[in-house]
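Counting starts at 1 for both ligands and their atoms, in listed order.
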Amino acid sequence: MCGIVGAAAERNVVGILLEGLQRLEYRGYDSAGLTVMNADQHIKRYRAVGKVQALKDTCHAAAPVGTIGIAHTRWATHGKPTQNNAHPHLSCEAVSLVHNGIIENHEALRQELTEQGYHFESETDTEVMAHLIHHLVAACGDFRQGVSEALTRLEGAYAIAVQHRDFPDRLIGARQGSPLVVGLGIGENFIASDPQALRPVTDRFIYLEEGELVELTRSEVSIFGGRETSVASRAVTLDSRDDAADKGAFRHFMLKEIYEQPKAIRNTLQGRIGKTTILSQAFGVEAGLLFEQAESVQIVACGTSYYSGLVARYWVEALTGLTCQVEIASEWRYRTVAVAPNTLFMTLSQSGETADTLAALRQSKSLGYLGSLCICNVPNSSLVRESDLSLMTEAGTEIGVASTKAFTTQLADLLMFAMALGKYHGLTPELESELVQALHDLPMRLEETLEINEQVKAWAEQFTNKDHALFLGRGLHYPIAMEGALKLKEISYIHAEGYPAGELKHGPLALVDEQMPVVCVAPTDELLEKVKSNLQEVAARGGALYVFTDHQADFSDFSDTQVIILPPLHPMVAPIAILFCRCNCSPTMGKRSDVLLEI
Ligand code: GLU
């Protein structure tokens, strides 16, 4: 996911653009660039491969000045991460454009524009848009009309920001499939991929809808192509608690966010559980009716959210007796699905803008589902706006690339969902009350869990020079093992696989030797003895075992086994005290250094 920032002001905007990019670094990127219009009405461009700091250094040396400009962090999809491919892309020194997304028909457009005499400098799909806009603006003489016409020629997903030398006071932004917000200032206006980028300059935002185009000058904002409501009535004010882009005393955002989990869970539970009951009204006024009618649940999600969905399947089926299917959004949306009567369609996404998940939700609407419910961390996101019901995770902004508090709060929401649904499908008041108590205790248990940090750090150092790892779990902890493996891959670039421990003997056991660390999540539950026999197989092959368990379980007769004891947890709630990995290198620049595992 790349980042876009644009600004039109009376002051020099270079500092605002660079700070904005830095605040979007969490989205992952490989290069950065910006353009500003200088006093002689020339578009000046600066680009650098690598960190935003490299672009800052370039700008520091050149000291550009301009009151209007656009900037970008690129996550390459077409063409290598080189300076030439970095955005902004120019056309004829007149148009400058940045883009987040993918243009699927770029080859045909490239050919057409080449025949018209345009010269391409990059390998990106993006550059076609710069030339197309140049061509169409030249033909009609109007910036907005030219951009609008160009957008009708595009297939794919985009958020763009564009400036034109001949219309020096304005920027145009548009979105279709990628997020874009407008920031409203006093005598200055902005656009960005995420409000986070603009928090130092404004707290008032408009979330653009799909298919909308915004034209802004420093004093005016006009939105086209969407609802006929006034700009002012669409503005929302974010409060200062939403400014998460400060890592305080922590070494990196992921660590900070790991430590924020008890608070995030506390916030997520607030107002949703009473003393002994789950407050199902928290799911919305129509929730009762939908939950009562529901005969099955279909969950669709990507990445980490998909793993939360897999945990939820255990909860939903155990607490409601209804069937629950879970599928990866990018698979679900491209196949013909059979919809059982009265199936509730659920989506899970941290950002609420995950493209495949959003597309799946949109597709579900014509397939006869009972209704849609999303669990999401961003209140004004597309997923929330387009779902019948939504339940927020109250994790606050998550800056770290690998999900931590958004994942655990998602799990808390999902357990509450399974309980709320269960109330209409046979969940006994006794079990409800027992689980509510376990949820009340959860933030405290997580605080205790964080105390094992030093032990985990010591383990992590032992992983630094490994090339592979296996993560095992059974039952509710199998998806947790898969999430652990994903975290290790994502953050440390060490290959890892998550496996159901019972499957080990059907193949992967052959890979286990002294070089293969095996991490297992094995708290006391009805599957513990089975997990132990699976781990005996690992020990017999000389594999080093790293086991997360609790006081009641005994691993003393295991050789070459290290154990971390977790605080006592109700077996249903245990997956929420989850395994994480962290690493002290930049998650986006990815050189492996010390890899640290954390609960
Ligand atoms: N597809 C464009 C490129 O490769 C934009 C990628 C992005 O979203 O950063 O340059």
Salt-bridge contact Glu398-Lys405 (side-chain N to carboxylate O under 4.0 Å): no
Element-labelled atoms of ligand 1 that are located less than 4.0 Å from some non-hydrogen atom of Arg74: 3 (C), 4 (O), 9 (O), 10 (O)
Aromatic plane relationship, Tyr369 with Trp332 - under 30° parallel, 30 to 60° tilted, over 60° perpendicular: tilted
Asp125, portion touching ligand 1 at heavy-atom distance under 4.0 Å: side chain
Contact atoms of ligand 1, heavy-atom distance to Thr124 under 4.0 Å: 10 (O)
Arg110 NZ/CZ over Phe120 ring centroid, <6.0 Å and within 45° of normal: yes
Per-atom contacts, ligand 1 versus Thr126 - under 4.0 Å to a heavy atom: 2 (C), 3 (C), 5 (C), 10 (O)
Within-cut-off N or O pair, Thr77 and ligand 1, under 3.5 Å: yes
Within-shell test, Gly79 vs ligand 1, heavy atom, strictly < 4.0 Å: no
For Trp75, the ligand 1 atoms whose distance to one of its heavy atoms is below 4.0 Å: 6 (C), 7 (C), 9 (O)
Ring-face cation contact, Tyr207 with Arg234, 6.0 Å cut, 45° max: no
Glu327 and Arg335 ion-paired at < 4.0 Å: yes
Ala76 N/O to ligand 1 N/O under 3.5 Å: no
His78-ligand 1 polar pair, N/O distance under 3.5 Å: yes
Under-4.0 Å salt bridge between Glu188 and Arg218: no
